[in-house]
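Working notes for the structure below.
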Number of protein chains: 2
Amino acid sequence: MPPARRRDAERNRNRLLAVAAEVVAERGPEAPLSEISSRAGVGAGTLYRHFPTRESLLVALFDARVDELCAAAVRAGDTHRPAVALRAWMLQFVRHALTDNGLAETIDLTRGSADHDCAARIEAAAAQLLDAAQQAGVVTATVDAGQLIRLCIALALAADDLDQAASLIAIAWSGLAASPLPRG
Amino acid sequence: MPPARRRDAERNRNRLLAVAAEVVAERGPEAPLSEISSRAGVGAGTLYRHFPTRESLLVALFDARVDELCAAAVRAGDTHRPAVALRAWMLQFVRHALTDNGLAETIDLTRGSADHDCAARIEAAAAQLLDAAQQAGVVTATVDAGQLIRLCIALALAADDLDQAASLIAIAWSGLAASPLPRG
DNA sequence: ACCTGAACACCGTTCAAGT
DNA sequence: ACCTGAACACCGTTCAAGT
């Protein structure tokens, strides 16, 4: 277990995360760190002690959301047939990304980073759904989970609202899936 | 015609653009403006006089590339059948975007801006190809040119190299196109 | 062990003084 | 008409001094 933090340190950390959630929601993931520390009522150095990089703050901030998305993938895989599960999860992914300002950027940002690789966690979760869909023959395109997540992130970042995202996903989906209603 | 610029002003403008091309290629579209002005051997104020915003500098920088892409669309439409023309042009778009660091960001950035809307120019060019493809029945998805460009930008930004971009485009394409080889 | 906040560095932006 | 470059503002980052 991690060495016990002092009570004031723990309190400051929580406060910083709560304030960061507000500030990032308002002003995006590039919001001034000084605004976060000052609104939290702590010195600049305290923010740095707890979160040595902006990335580490964002990761801590979105950690729970990433967990949710991974759990959602497992749940979808358990309760739906492969095609429905994957498609529904992709939609959920972009819904989360559009709701939580900065989530998609953070996942993209941490790709391949030594510690706290959010992209890897998400990709592992998506890989289950993708495998199942490919084995069931509903996804015929040769994509790996990495490309799939990359695609979802791209669509989320490209879309201004959920409607646009949904329509882009529909296109991507029919590109991934075997054609369900072939025409001449 | 525009009021004639003084010769020194003209020279500084050209110098700034040439240096900006280098710096943006090296360090991306967020590169420090101070680096551009100092490398060009002019004062900070001179950069500001010619290009009041970073956006205006980037637009001037990529103007020729945007023209090329528009011209390429016309050419493709004239020389190929609709399906080939659109698909080839999409590939060309991402190739340009991957080669010229900052091009995709700039197009995205200027979307809807009052002056110098690169996205609008590109979209107008793409609309021709898209219309033709839809009328020929090779593109069945209900997309407009705006969504198409958004998609291309997203794919370009999501991909690390041309291979990745090409495979994402392949997926997107089979999502856009009527299925050429229907299966059960 | 942890915090504060002043100090420094960096970059964007403006503008008074020059040519 | 245009340029220079110092001055200012803003933000990230560090660190000496405090508890």
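Any value given below was found using the heavy atoms of this structure, including those in side chains, with hydrogens, waters and symmetry copies removed. Just so it is clear, the model here is predicted, and its values are computed rather than measured.
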If I take atom CZ in residue B:R49 and atom P in nucleotide D:dG5, what distance separates them, rounded to the nearest angstrom?
15 Å
Rounded to whole angstroms, how far apart are CZ on A:F51 and P on C:dC3?
11 Å
Looking at D:dA7, which nucleotide sits across from it as a Watson-Crick or G-U wobble partner, both distances under 3.5 angstrom, or is there none?
C:dT13
According to a strict under-4.0 Å criterion, is B:N12 in side-chain N/O contact with OP1 or OP2 of D:dC2?
no
Write down the distance between CG (B:D8) and C1' (D:dA1), rounded to a whole number of angstrom.
8 Å
Please report the distance, rounded to the nearest Å, between CG in B:L47 and P in C:dC11.
14 Å
Do A:D63 and A:R121 sit within salt-bridge range, that is, some charged N less than 4.0 Å from a carboxylate O?
yes
Using every non-hydrogen atom in the two residues, find where B:V94 and B:C152 come nearest and quote the distance to one decimal.
CG1-O, 3.9 Å
Please find the pair of heavy atoms, one from A:A104 and one from A:I153, that lie closest to each other, and give the distance.
O-CG2, 4.1 Å
Step by step, work out the side-chain contact (heavy atoms from CB on, under 4.5 Å) result for A:L33 and A:Y48.
CA-CA 9 Å; A:L33 297 175; A:Y48 267 77; 4.2 Å; yes
Could you identify the nucleotide paired to D:dT19, looking across every strand shown and requiring Watson-Crick or G-U wobble geometry with both distances under 3.5 Å?
C:dA1
Per-nt protein contacts along nucleotides 12-19 of chain C (heavy atom under 4.0 Å; B base, S backbone sugar-phosphate only, - none) come out as SBBB----
Which atom pairs, one a donor and one an acceptor, fall under 3.5 Å between side chains of residues 122-138 of chain A and the rest of the protein, sequence neighbours left out?
{"unit_1": "A:E123", "atom_1": "OE2", "unit_2": "A:R111", "atom_2": "NH1", "d": "3.0"}
{"unit_1": "A:Q134", "atom_1": "NE2", "unit_2": "A:A141", "atom_2": "O", "d": "3.4"}
{"unit_1": "A:Q134", "atom_1": "NE2", "unit_2": "A:V143", "atom_2": "O", "d": "3.2"}

Any salt bridge between B:E22 and B:R27, counting N to O under 4.0 Å?
no
Taking only N and O in the side chain of B:H50, is any of them less than 4.0 Å away from OP1 or OP2 of D:dC3?
yes
